Amino acid sequence: MPTPPFREAVVDLDAVRANVAALAAQVAPAAVMAVVKANAYGHGAVPVAHAALDGGATWLGVADLDEAFELRDAGVTAPVLAWLHGPDAPFADAIVRGIDLGISSIDQLRRVSDAAAHVAASAAGSGGASATSGPAFVHLKIDTGLSRNGVPPEEWIEAVAFAAMLEEQGRIRVRGVFSHLANTDDEADRAQLAAFDEALAEASAAGLEPEVRHLASTAAAVRLPASRFDLVRLGIGTYGIPPYGDGTTAADLGLRPVMTLRACVAAVRRVEAGVGVSYSHTWRAERATTLALVPLGYADGIPRHASSRAEVLLAGRRRPVVGRIAMDQFVVDVGDDEVAVGDEVVLFGDPATGAPSADDWADAADTIGYEIVTRIGHRVPRTYGGGA
Ligand SMILES: *Cc1c(COP(=O)(O)O)cnc(C)c1O
């Protein structure tokens with residue numbers, strides 16, 4: 001057997017395609033936006049974007065404009081929506097590059113409109129309209145109860161009236177109206193849904209005709225059909241990780257985990273009973289045992305909080321992490337079994353292979369699967385399987 005790589009996150013693009021296709025079939029006739037923010041939740045934005053589009057997504061979603069520009073730089077031409085902007089966000093560049101802008105305040109609307117005017121003026125100055133000289137495509141976001149981003153409900157009427165005026169002037173086109181759920185419980189989600197319906201009615205009364213109304217991310221898209229509207233924004237489901245934290249597995253949802261995090265054993269030692277392991281000796285061997293060293297640590301995104309709690313797949317079985325997870329490495333107890341330097345260690349992957357899931361690591365670290373995959377660090381190369 002060839003020695004496995006020192007450290008590696010294997011990203012299965014077939015699983016991305018299959019997950020998007022399965023979810024798209026479930027939510028149809030609503031369309032799918034694959035959310036590829038944060039480097040596609042740590043999986044690699046560009047390869048995942050292509051695979052998600054192959055799987056049937058028709059939109060891509062990112063948080064900020066740098067993430068959107070990365071997709072355009074790589075030749076991705078599909079509609080891209082970016083919804084989180086600083087006070088100096090380069091809206092003019094976004095308009096020129098055909099990026100849809102999620103808008104969360106009247107001030108942002110004003111700045112986008114000014115940017116659109118600027119882009120139109122320079123296009124006219126350079127001898128004629130180009131395909132990307134505007135209007136700016138915007139999606140107005142209403143805060144329906146997450147209290148995070150979005151136009152506050154008390155400013156919504158003013159915002160839609162202002163947007164309708166800018167649309168009439170040809171500065172913007174309100175292509176979407178959207179909001180985001182708190183995923184608190186069914187009752188709270190339904191209250192947000194009702195608030196969204198009301199906001200849509202007010203937008204329509206102001207004369208806006210958005211092509212896409214969107215509210216649901218993975219959790220509601222799967223379990224609350226009334227939240228699907230025209231488009232659902234699927235992040236975590238794309239990566240084959242369940243959003244619920246209630247024991248529901250990827251397989252229960254018909255999804256396949258996309259990322260497998262693995263390494264090879266870097267050292268093996270036999271220790272006597274009573275020996276302390278790793279910093280502060282928070283774990284001691286109860287009997288003579290064999291320890292394997294894994295070259296991944298918290299610098300690579302392995303949560304220190306999972307010390308002596310998580311498990312890995314090594315030599316055909318799940319084995320406990322023992323002692324503190326350090327910056328670059330941690331130790332696994334393999335008992336009296338045979339292991340050798342160079343053996344493959346799988347931290348998480350598809351449980352069908354016997355490996356823990358990203359969710360198992362999340363449980364061990366008192367967090368969520370989202371945080372496990374998004375924090376995998378730069379030192380871990382991503383390699384692509386399943387036909388990149
Ligand atoms: C991250 C994000 C999503 C995707 O959420 P998942 O739970 O990963 O599906 C959707 N919409 C917005 C606004 C987001 O920020």
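In listed order, ligands and their atoms are each counted from 1. Everything numeric in this text was worked out from a predicted model, so none of it was measured.
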With a 3.5 Å cut-off and sequence neighbours excluded, list the donor-acceptor pairs that the side chains of residues 85-92 form with protein atoms.
{"residue": "His85", "atom": "NE2", "partner": "Ala82", "partner atom": "O", "Å": "3.2"}
{"residue": "His85", "atom": "NE2", "partner": "Gly102", "partner atom": "O", "Å": "2.9"}

Kindly list each side-chain donor-acceptor pair under 3.5 angstrom involving residues 293-305, sequence neighbours excluded, with atom names and distances?
{"residue": "Asp300", "atom": "OD1", "partner": "Arg379", "partner atom": "NE", "Å": "2.9"}
{"residue": "Asp300", "atom": "OD1", "partner": "Arg379", "partner atom": "NH2", "Å": "3.4"}
{"residue": "Asp300", "atom": "OD2", "partner": "Gly297", "partner atom": "N", "Å": "2.9"}
{"residue": "Asp300", "atom": "OD2", "partner": "Arg379", "partner atom": "NH2", "Å": "3.0"}
{"residue": "His305", "atom": "NE2", "partner": "Arg309", "partner atom": "NH1", "Å": "3.3"}
{"residue": "His305", "atom": "NE2", "partner": "Asp366", "partner atom": "OD2", "Å": "2.9"}

Quick one: side chains of residues 145-163, donor-acceptor pairs under 3.5 Å with protein atoms, not counting sequence neighbours, listed by atom name and distance.
{"residue": "Asn149", "atom": "OD1", "partner": "Ser104", "partner atom": "OG", "Å": "3.0"}
{"residue": "Trp156", "atom": "NE1", "partner": "Ala199", "partner atom": "O", "Å": "2.9"}

Inset, instruction - Given salt bridge (charged side-chain N to carboxylate O under 4.0 Å, His left out), test Asp186 with Arg190 step by step and report yes or no. - result: CA-CA 6 Å; Asp186 192 56; Arg190 284 179 195 282; 3.0 Å; yes

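Atom CE of Met165 sits in a crowded spot, with more than 12 heavy atoms from other residues, nucleotides or ligands closer than 6.0 Å.
The six-membered or imidazole ring of His214 lies near that of Phe178, with a centre-to-centre distance under 6.0 Å.
Protein residues with a heavy atom closer than 4.0 Å to ligand 1 are Val35, Lys37, Tyr41, Trp83, Arg148, His180, Ser217, Thr218, Arg233, Leu234, Gly235, Ile236, Tyr370, listed by chain and number.
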